[in-house]
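Quick caveat, the model's predicted, so the values are computed rather than measured. First listed ligand is number 1; within each ligand, the first listed atom is number 1.
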Amino acid sequence: MNRGVVVTGGAHGIGKQICSAFINAGDRVCFIDTDEKRSLDIVNQTPGLFYFNGDVADPADLKNFIEFALDKLKRIDILVNNACRGNKGILSGLTYEEFDNTLSIGLKAPYELSRLCKDELKKNRGRIINIASSRAFQSEPDTEAYASAKGGIVALTHALAISLGPEVLVNCIAPGWINVTEQEKFSREDVAAIPAGKVGTPKDISKMVAFLCDQDFITGETITVDGGMNKRMIYHGDWNWHFKPNS
Ligand code: NAD
């Protein structure tokens, strides 16, 4: 389709698949990632794909990345804020600086990139797609930093949708368990815990990205793509499931 697409965290997992899906659709893609080796391996085999070596937690890298992307792509139609990293929380004594770093990667970078791309996206009636997590809505213990970044990006999505519409539509995807490893088989129990009957794949997410980029009547929304995992209500004793409190 010859759109200019900017992606964060494109060297591995979901971001890598998102880049590949846009390339297969005939678009030109530029991504930023800290993993130089993996990134160069992919870029060297993929015409139309460009790589910028940088850390999304560093605002100077973000500015240079967008300048680089505009030089390579000549236009920006789509921004996909994908990069994030898990981090611990209050039970393991996560420090202020560590908490802040997770927010820098998962929340401040999506804001800053939206700001840097705003004029291009408005001019081209573009799209912003943010990647959150089902952990924006439910938690395990000791996950405060990641949950906060993901809750924040859900709110950032509707705020940006109101500020940048009608020219730019802004939506968010909240993935559940997506297999980004080499593992091919999962236990019967793991699979059975997911109502759709499988662990998700990066393609399940890239298909939703493509859908959200091709439609023009959804904005400000977060769409959960988790095989229904968060929809199952379980009480202690149901399905032979037993809750073991820590104390
Ligand atoms: P991944 O670890 O497989 O890949 C992430 C990529 O981002 C890597 O290439 C990494 O080098 C890059 N990256 C990380 N920090 C960076 C930084 N500061 N600057 C630049 N690049 C950076 O991760 P994934 O599982 O594909 O996750 C992608 C997105 O999906 C993340 O936002 C994640 O929170 C979200 N998500 C994943 C799952 C899952 O089960 N895999 C579930 C819910 C949400």
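When heavy-atom distances to ligand 1 are checked against a 4.0 Å cut-off, Asp55 comes that close through both its backbone and its side chain. Residue-level proximity to ligand 1 for Arg85 is carried by the side chain, the only part with a heavy atom below 4.0 angstrom. Of all the heavy atoms of Ile105, the ones lying under 4.0 Å from any atom of ligand 1 belong exclusively to the side chain.
No donor-acceptor pair closer than 3.5 Å links the side chain of Asn101 to the backbone N or O of Glu97. The backbone N or O of Val170 sits less than 3.5 Å from a side-chain atom of Thr219, completing a donor-acceptor pair. No donor-acceptor pair closer than 3.5 Å links the side chain of Arg3 to the backbone N or O of Gly126. In this structure a side-chain-to-backbone donor-acceptor pair under 3.5 Å is present from Gln215 to Leu212. For Ser114 (side chain) and Pro110 (main-chain N/O), a donor-acceptor pair under 3.5 Å exists by modelled atom type. Listed for the Asp142 side chain is a donor-acceptor partner under 3.5 Å among the backbone atoms of Ser92. A donor-acceptor pair is defined here as one N or O able to donate and one able to accept, closer than 3.5 Å; no such pair exists between the side chain of Ser163 and the backbone of Leu160. Formation of a donor-acceptor pair under 3.5 Å by the Asn179 side chain with backbone atoms of Thr201 is not found in this model.
Residue contacts with ligand 1: Ser134 is placed with no nitrogen or oxygen under 3.5 Å of a nitrogen or oxygen of the ligand (distance criterion only). Among the atoms of Ile14, some N or O lies under 3.5 angstrom from an N or O of ligand 1. Considering backbone and side-chain N/O atoms, His12 comes within less than 3.5 Å of an N/O atom of ligand 1. Checked by distance only, ligand 1 and Ser133 stay at 3.5 Å or farther apart across all their nitrogen or oxygen atoms.
Of all atoms in ligand 1, listed by their number and element, those nearer than 4.0 Å to a heavy atom of Gly13 are 3 (O), 26 (O). Distances below 4.0 Å separate heavy atoms of Trp177 from the following atoms of ligand 1: 40 (O). Atoms of ligand 1 found under 4.0 Å from any heavy atom of Cys84, numbered from 1 in the order shown, are 31 (C), 32 (O), 34 (O). Below 4.0 Å from some heavy atom of Ala11 lie the following atoms of ligand 1, by number and element: 9 (O).
Residue contacts with ligand 1: Gly54 is included, with a non-hydrogen atom under 4.0 Å away. At a 4.0 Å cut-off, not a single heavy atom of Gly86 sits close enough to ligand 1 to count as contact. Distances from ligand 1 to the non-hydrogen atoms of Arg38 include no value under 4.0 Å. Using a 4.0 Å cutoff on heavy atoms, Ala132 counts as a contact of ligand 1.
Here Phe243 contributes atom CZ and Ile234 contributes atom CD1; the two are 12.0 Å apart, rounded to the nearest 0.5 Å.
Atom 22 (C) of ligand 1 has Thr34 OG1, 3.7 Å as its closest protein atom, hydrogens excluded (heavy atom only). At the top of the distance list for atom 19 (N) of ligand 1, counting protein heavy atoms only, stands Val56 N, 3.0 Å. Nearest protein heavy-atom neighbour of atom 23 (O) of ligand 1: Val180 CG2, 4.9 Å. Residue, atom and distance of the protein heavy atom nearest to atom 33 (C) of ligand 1 are Tyr146 OH, 3.4 Å. The single protein non-hydrogen atom nearest to atom 42 (C) of ligand 1 is Gly176 O, 2.9 Å, given as residue, atom name and distance. Closest protein heavy atom to atom 41 (N) of ligand 1: Ile178 O, 3.1 Å. Remark: minimum distance from atom 10 (C) of ligand 1 to any protein heavy atom is reached at Asp33 OD1, 3.4 Å. With respect to atom 28 (C) of ligand 1, the closest heavy atom belonging to the protein is Asn82 OD1, 3.2 Å.
Looking at Asn130 and Thr157, their side chains do bring a donor and an acceptor atom within 3.5 Å of each other.
For the side chain to side chain contact (heavy atoms under 4.5 Å, CB included) criterion with Asn81, the lone passing option out of Val7, Ile128, Ile131 is Ile128. When each of Val6, Asn2, Asp27 is checked for a side chain to side chain contact (heavy atoms under 4.5 Å, CB included) with Leu73, only Val6 meets the rule.
Taking the six-membered ring wherever Trp is involved, the centroid distance between the rings of Phe31 and Phe52 does not fall below 6.0 Å.
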Worked check of side-chain contact (heavy atoms from CB on, under 4.5 Å) between Ile205 and Gln17: CA-CA 9 Å; Ile205 305 304; Gln17 168 56 29; over 6 Å; no
